[in-house]
**Student:** 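Structure incoming, see below.
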Amino acid sequence: MQRQIPLILTGVIGFVMLLYFFVPHPFISGPGHFFEDAVIIVVAFAIVLGAANLLTFNGEIIARRGKDWPYKVVLLVSMFAMIAIGLVEGERYLEPETVFSWMYNTFYASMQATMFALLAFFIASAAFRAFRIRNLEAGLLAVAALFVMLGRVPIGNVISAHWPNGIQLPQISDWIMENPQNSAKRAILMGAALGVMSTGLRIIMGIEGSFARSGGNS
Amino acid sequence: MRPRASRPSPLRSGTTGLPHPVPRLRATSFAVLGFLALVAGVAHAQTPPATARATTTSSLPALSAAAADVQNDNGQALHVQWTAPAGVEQVIVERGSTPAGPFTVLDTVSAEGGSFDDNDVPRGKPVFYRLTGLGAHGPTPPAVIGPVVAVAQWFNTGRTNVAFFSVIFFAFVLFFLWSSRGGRKLFVRRIAGIDAIEEAVGRATEMGRPVLFVPGVQDIDDIQTMAALVILESVARTAAQYETKMIVPTNYPVPFTLAQEMVKNGFLEAGRPESYDPNSVRYITSEQFAYVAAINGIILRDRPAANLYLGAFFAESLILAETGFSTGAIQVAGTANVHQLPFMVVACDYTLIGEELYAASAYLSREPRLLSTLKGSDYMKVVIILLLLIGSVIETSFVLKNPPTQSLGQVSSPFKSWFRTE
Amino acid sequence: MHPANPLTFEGLGVWIASLLTLFIFSFLYKDNPFYKLAEHLFVGISAGYYVMQELWAVIYPQCVKPVAHGEHLLMIIPGVLGLFLFSRFIPKAGWLSRWSLAIIIGAYAGIKTTGFAQGDLVAQFQASILPLYVPGHLGASINNVLFLAGLLSTLVFFFFSTEHKGAIKGTAQLGVWFLMVSFGAAYGFTVMARVSLLIGRFQYLLDPWLGVTRF
Amino acid sequence: MTSLLVFLAILAAVALVVAFLIRIPSVATTLARMRRLDRRWIFLAVWVLVMVPLLFPLKLPVAPTARAMQYYEQIDRLKAGDIVLLSADFDPAAGPELVPMLKTSIMQLCRKKVRIVGDCLWPGGPPLLEQAFSEVARDTFHYRYGEDYVNLGFKEGREAVMLAMGNSIPGTFPSDFRGTPVSKLPLMGKVTNLRSVKLLVNVSAGYPGTKEWVQQTQSRFNLKIISGCTAVSAPEYYAYLQSGQLLGLLGGMAGAAEYEKMAGVTGAATKGMDAQSSVHLLVMLCILLGNLAHWAARRLGER
């Protein structure tokens, strides 16, 4: 029972949302609209749940003085500080002059951007140490990569400015993007679409079921 | 044609969304859908679409206009069109429920556009529009058009082609599901990547070093993680046969438990449950870069001879591939996250590309669920390839008959046009 | 331009942000306590930030406010389902969270299935029906043939129901070549993206922090 | 033509010299030893090659490509008073690539006197959108909040939000990012659902983003979409461009720089292009040198 009802519910909701695409009539689109609105709210709670998980998980490490526990204290304190400021400042918490906005700019924006900027360094060192042209396939990859890297930036314009029209570097890189690149990418897109559709079908038919295991106290 | 909807619809919506009275057809469906229908919208489509012409109230040049129901919608939109006399720059669009008004202004729009979509019409009720042109010489006399009724449709005919593809594909998947559950063997070719994995494990054995298996960085809700764990079981079996140590770092609690299960199973199936080391599956952390830094540490410290990265990978793929490459290990990778594949292809000895990851897991597990999806997709691809070939021939002959005058792609054959989605 | 003044509220923010930026960059030398501090700070701050966004931008205006005003009473249902998600912390009531997952998984299964069917399957298929010869447009004709060859051969590569032998093997091999070109292009674009992010960080360090503008 | 031949000749000469040098054992040994180079030297090179062009700009010419022109023209075709939806689906991680596009898009929309409804499907985005709106629309073009533009802020739900907006935008966003009820914003009275917007300008960093807007809304609500996206997602979107599901595409900071060039501004993207060029050259050099080192090592019989 505890497993069956959610599975049936999932199937029914999925089927309504599927039909909703083909049936504009309010008999289907009415429930469809309701599910759209409802899922927005439930997903929001799911994100809050993520924070709650973070709390229990790190709280447990702190409690048993696990590895790096002082850092976990920093983590939880900063999380609660952010929540407290947001609660105090209320609905207008994102106005430019609020403390919450200041925290966003100072901590969130700067560190998130830097985390990903680190990858620029790693990409260069990986290019040097782990980009091996060992066969024809890797060779094709390398040639396409070189053309695109050169053709997409101003240095490519400068090098090929006086080359015959049609084979200047930016044009070659555009052609690679629009033709050979695009055709292979489209095959991947179609294959991925079939994968998503069959997963959707299995969920609606109630034979996917892996989530029913992952939910609850398993 | 006089629209029937000029008299009030017998089924008017109540404010709560509950229909009154409930027709029989609806009542049965309610029983099926239960509380879902609480929110079902109401007004029934039963009036024919209405098209109304302008009735001008003045002899001065007014707009000549018409309004019609928007097809394939839920009965909330009407389309108003006009031809404005010269000198009219803007048009005030108003709507009312009687020809005499009162009218409420919807918007003032540029006359040049020639049309206005009213997307917030009460369903099934006759409405009237009043259009007034504005120009340098003052306003034109208002043109009142109507009544028109917005009507809901039961099937969006613009999406027949999507239904066509979906039905064919779903039929394939369900057929293979049914036949594989009935015990029919479904043939799937052996993926070269599986051989590469076995070879890698073999080499680790020769060198007496461990095998590293990273099941991606996503939680269990990503099907790639599931596919990776299926592959893990068979890798563990091979490793058990060769008596080679495994290291499996994980980053979420559920994959961690499942990975333990899989490795244990693999050792059990190979008949060596005593060689199973419970510490081989480790929980690291769910923070992306911390997890990667920890794996880097493992690679540099324990020097595994084979690194297998299978599952959902993101920006960290290149860091892993590079570190593993620098230790000279054999590396096999696989992910459906296409934008990470380039880094794996250049740094790994073998890469499972996109769907190959799922195919490998279906091949190894022989699970009807996975196999039927794989076979269904394959047959759908055959359909697509055939339709593309036929379509290209039709399109070519069409273009030969109607050579393009200036720009390409303006006209297309009826075959191609049928697949245009709306 | 002048360097940011750490004595103002805003300037202090720029100083802290810049120092944290450098803390994270210190990871390039090696993993160290500064990096670890920044990393944990980031995880905590972002979790708190997300909670507030979900609360003030979604849960409050979408659910709490309308229900409190008696407007959309039906929104009590998703609100309760949302709270059910937390039942997993109570061992005996954990099964309740499956009801909430049911609506999330069911709704997205339906939405994604039709979205992919329309946008990535039918529309992409339709756009791939190309004339193989266009009178007077030799370049376009060659491109179309090449495009179709790439698409079909890649589709054949992802075909698992027959052994790759003979003509199928050759076609699949062609598909691999097209795939490799596409990976090469993706490689180039990814390099471009990562480098841009670094440039952005350096621009931040130079301009609001140190007050150096040179262009 | 001559410059192409000269370029090819230089390439050939370099290749010949390298092929000759690699035969010299001492050169080969040095090259092979390079494989063990501490990668922090490469990090240092990246650092220098980004910093130096930012401090001493060369101002290499940016030339708009066809794709960026299409993006520009789609906005250019709008008429004064039209309403567009500007969905800023990104967060600070992609800021350097996407904020310049966002600002230039708002600038072009303001020049056309187009009314803008802004929203975010990424929780990290609303402050970035607000900063761009205040800087460009409010301060430069004196747009009035609530009448000429609104910032609806964030909404959770990814594809579900897109579909809900197709039904009703005020219903999906009952209040703006400050908590003001949309019924108090005059502009929102003119926006019923996605069918009432002339164009969707989507600035997108991934999921949810352009791909989902295309799948869920483009044909379903007959919506015209142009996309400014990160370079990582751009290759995938070329497929939507060819099929006409997307009408314009800016990819990454380079796309942003081309767009700035067309709009006649020198923004952060244009300023970054010199550094972008220099690091691209470095990465290419790394690929070539790395492989040369491998070949050298193989000649010497190492693995």
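This structure is a prediction, so every number in the text was calculated from the model and none was measured. Heavy atoms only: backbone and side chains are in, while hydrogens, waters and symmetry mates are out. In what follows, chains are A, B, ... by sequence order, proteins preceding strands, each numbered from 1.
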**Student:** Heavy-atom distance under 4.5 Å to chain A: side chain of D:R40, backbone, both or neither?
**Tutor:** neither
**Student:** Of the backbone (N, CA, C, O) and the side chain (C-beta and beyond), which part of A:I41 lies under 4.5 Å from a heavy atom of chain D, both, or neither?
**Tutor:** neither
**Student:** Side chain, backbone, both or neither: which part of D:S243 has a non-hydrogen atom closer than 4.5 Å to chain A?
**Tutor:** both
**Student:** Could you tell me the separation between the CG atom of D:L194 and the CE atom of D:M162, rounded to the nearest 0.5 Å?
**Tutor:** 10.0 Å
**Student:** Would you confirm whether D:D274, through its side chain, and D:P57, through its main-chain N or O, come within 3.5 Å as a donor-acceptor pair?
**Tutor:** no
**Student:** Has the side chain of A:S110 got a donor or acceptor atom that lies under 3.5 Å from a matching backbone atom of A:T106?
**Tutor:** yes
**Student:** Measure distances from D:Q131 to the heavy atoms of chain A and classify the residue's part below 4.5 Å as side chain, backbone, both or neither.
**Tutor:** side chain
**Student:** Of the backbone (N, CA, C, O) and the side chain (C-beta and beyond), which part of D:I42 lies under 4.5 Å from a heavy atom of chain A, both, or neither?
**Tutor:** side chain
**Student:** With a 4.5 angstrom heavy-atom cut-off, could you sort out which part of D:F177 is near chain A: side chain, backbone, both or neither?
**Tutor:** both
**Student:** If you tally heavy-atom pairs under 4.5 Å against chain A, which of D:P61, D:P126, D:G157 wins?
**Tutor:** D:P61
**Student:** Between D:F43 and A:F121, what is the ring plane arrangement, given parallel below 30°, perpendicular above 60°, and tilted in between?
**Tutor:** perpendicular
**Student:** A:V39, A:D37, A:V148, A:L150: which one forms the most heavy-atom pairs within less than 4.5 Å of chain D?
**Tutor:** A:L150
**Student:** Between A:E89 and A:V99, is there a donor-acceptor pair closer than 3.5 Å when you use the side chain of the first and the backbone of the second?
**Tutor:** yes
**Student:** D:K155, D:E130, D:E236: which one forms the most heavy-atom pairs within less than 4.5 Å of chain A?
**Tutor:** D:E236
**Student:** Who wins among A:I123, A:V43, A:D174, A:I133 for the most heavy-atom pairs under 4.5 Å with chain D?
**Tutor:** A:I133
**Student:** Side chain of D:W122, backbone of D:A88: donor and acceptor closer than 3.5 Å?
**Tutor:** no
**Student:** Do side-chain atoms of A:S160 reach the backbone of A:G156 as a donor and acceptor pair under 3.5 angstrom?
**Tutor:** yes
**Student:** Looking only at heavy atoms and a cut-off of under 4.5 Å, which of D:S168, D:S3, D:G290 has the most pairs with chain A?
**Tutor:** D:S3
**Student:** Would you mind telling me which of D:A254, D:P96, D:P127 has the largest number of heavy-atom pairs within less than 4.5 Å of chain A?
**Tutor:** D:P127
**Student:** Can you see which heavy atom on A:L94 is nearest to which on A:S101, and at what distance?
**Tutor:** O-OG, 3.2 Å
**Student:** Heavy-atom distance under 4.5 Å to chain A: side chain of D:R178, backbone, both or neither?
**Tutor:** both
**Student:** Backbone N or O of D:T230 within a donor-acceptor pair of the D:E97 side chain at under 3.5 Å?
**Tutor:** no
**Student:** If I measure from the heavy atoms of chain D, does A:I188 come under 4.5 Å with its side chain, its backbone, both, or neither?
**Tutor:** neither
**Student:** Out of D:G179, D:A257, D:G252, which one racks up the most heavy-atom pairs below 4.5 Å with chain A?
**Tutor:** D:G179
**Student:** Report yes if the side chains of A:H33 and A:Y20 come closer than 4.5 Å at any heavy-atom pair, otherwise no.
**Tutor:** yes
**Student:** If we ignore angles and hydrogens, is there a donor and acceptor under 3.5 Å between the side chains of A:Q112 and D:D91?
**Tutor:** yes
**Student:** Between D:W47 and chain A, which part of the residue has a heavy atom less than 4.5 Å away: side chain, backbone, both or neither?
**Tutor:** both
**Student:** Using a cut-off of under 4.5 Å on heavy-atom pairs, state which of A:M149, A:Q171, A:K185 scores highest against chain D.
**Tutor:** A:M149
**Student:** Find the one option among D:L241, D:V279, D:V283, D:N167 whose heavy-atom pairs under 4.5 Å with chain A are most numerous.
**Tutor:** D:N167
**Student:** Looking at A:F116, A:Y93, A:F122, which has the largest count of heavy-atom pairs under 4.5 Å with chain D?
**Tutor:** A:F122
**Student:** D:V161 versus D:E156: any side-chain heavy-atom pair under 4.5 Å?
**Tutor:** no
